[in-house]
Amino acid sequence: MFALAIHGGAGTIARASLKPADEMRYRAALEAALATGYDLLRDGASALDCVEAAVRSLEDCPLFNAGRGAVFTHEGHHEMDAAIMAGHTRLAGAVAGVRQVQNPIRAARLVMEKTEHVLLAYPGADELAREHGLPLQPVEYFFTQHRHDQLQEALREGRMRLDHSQAVGAGSQVVAPLEEPEKFSEAPVFADPNWKKGTVGAVARDQFGNLAAATSTGGMTNKRYARIGDTPIIGAGTWADARCAISCTGHGEYFIRAVAAYDVACLMEYKNLSLEEACRIVVHDKLGPDGGEGGLIGIDAAGNVTLPFNSEGMYRGSRAEGGEPIVAIYK
Ligand code: ASP
């Protein structure tokens, strides 16, 4: 059975704070990403192609903190992280701190397929993308007003913030040279301005039994000193092997210290736990009590999916062969 699951970030997503029109936008974007991935799997594409395409679709949407909707660094730049991993070969590629690549997940795949490395960072990673002809974008492409406003708030507060998804009611307009800006119902209203998360990810099992995982993020608002989160760290935010494929979202430092994604694989391998049980332990018994708010999506070799989170909500969706798409935001 082929299947896939996607996420668009976990965090404080209160039902009351999302205007119906904005909720519809999120749902539509998740449905579009699911449809892209599902159609590929149905037509015989690999799990790797599926997760890359689903993540690209979310990176191109300004609602999510990845690619076009990435958050701002302290200096007012965008430094994006992404990783991709193939379960059957356990080959992986990742980039950290890229500033120009339109789709960081494509750059991560280049690292995996065109170099002998696993993780490239900063100008070198952009350079690799340029050499291989990936589309690069000027800084204006990555500008969205709500992320800019979030940076101003974070600068006033004087700290780094997890400000990822939940562009609730935010004008997501993008400055020239982009055409039609996204329109939102009204000014930003945040359930908890100090804790909002994003990041996008996908996991899939293809018709041939291969698993793959992909994750992409802009990281944290007001991040400094070339901070890198869990997303591009293989085993922390992203993992795939023959048993499972995992993509995480949440406060990256906790996920790195917990080696969260790989811990799921270990629990399955060494303790013989099911995917669901292993993911539940990592998210609720380990990360949660530590303060590591967030969630993950996982898929196993049989195509079972699980999407646990310990935060208020997580933008998420899944679809299994022959089934209907399922999209959800709240608990
Ligand atoms: N895990 C990402 C990071 O720490 C952020 C997120 O998923 O919300 O960079």
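All residue numbers refer to positions in the sequence shown, counting from 1. When reading the values below, keep in mind they use all heavy atoms of this one structure, side chains included, and skip hydrogens, waters and symmetry mates. Bear in mind the structure is a predicted one, so any value in this text is a computation, not a measurement. Counting starts at 1 for both ligands and their atoms, following the listed order.
- The nearest non-hydrogen atom to atom 2 (C) of ligand 1, considering only S247, A260, G250, S311, comes from G250.
- The option with the heavy atom closest to atom 3 (C) of ligand 1, from among T217, D230, I228, is D230.
- Note: no N/O pair closer than 3.5 Å links G229 and ligand 1 by distance alone.
- Annotation: cation-pi geometry not satisfied between R227 and Y225 (NZ/CZ under 6.0 angstrom from ring centroid, within 45° of ring axis).
- Using a 4.5 Å cut-off between side-chain heavy atoms of Ile, Leu, Val, Met, Phe, Trp and Tyr, I299 falls into a hydrophobic cluster with V203, L211, I297, V305, L307, F309, M314.
- Near T199, the atoms of ligand 1 lying under 4.0 angstrom from a non-hydrogen atom of the residue are 2 (C), 5 (C), 6 (C), 7 (O), 8 (O).
- Qualifying ring-ring contact (aromatic ring centres under 6.0 Å, His included) partners for F255, counting only residues two or more places apart in sequence or in other chains: none.
- Atom 4 (O) of ligand 1 has its nearest heavy-atom neighbour, among M220, M314, H7, R227, in R227.
- Two residues are said to be in side-chain contact when any heavy atoms from C-beta on lie closer than 4.5 Å; D126 and R99 meet this criterion.
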Under the salt bridge (charged side-chain N to carboxylate O under 4.0 Å, His left out) rule, what do D300 and R243 come out as? Steps first, then yes or no, please.
-> CA-CA 6 Å; D300 68 12; R243 283 185 186 77; over 6 Å; no

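- Atom numbering of ligand 1 starts at 1 in the shown order; those under 4.0 Å from a heavy atom of T249 are 6 (C), 7 (O), 8 (O).
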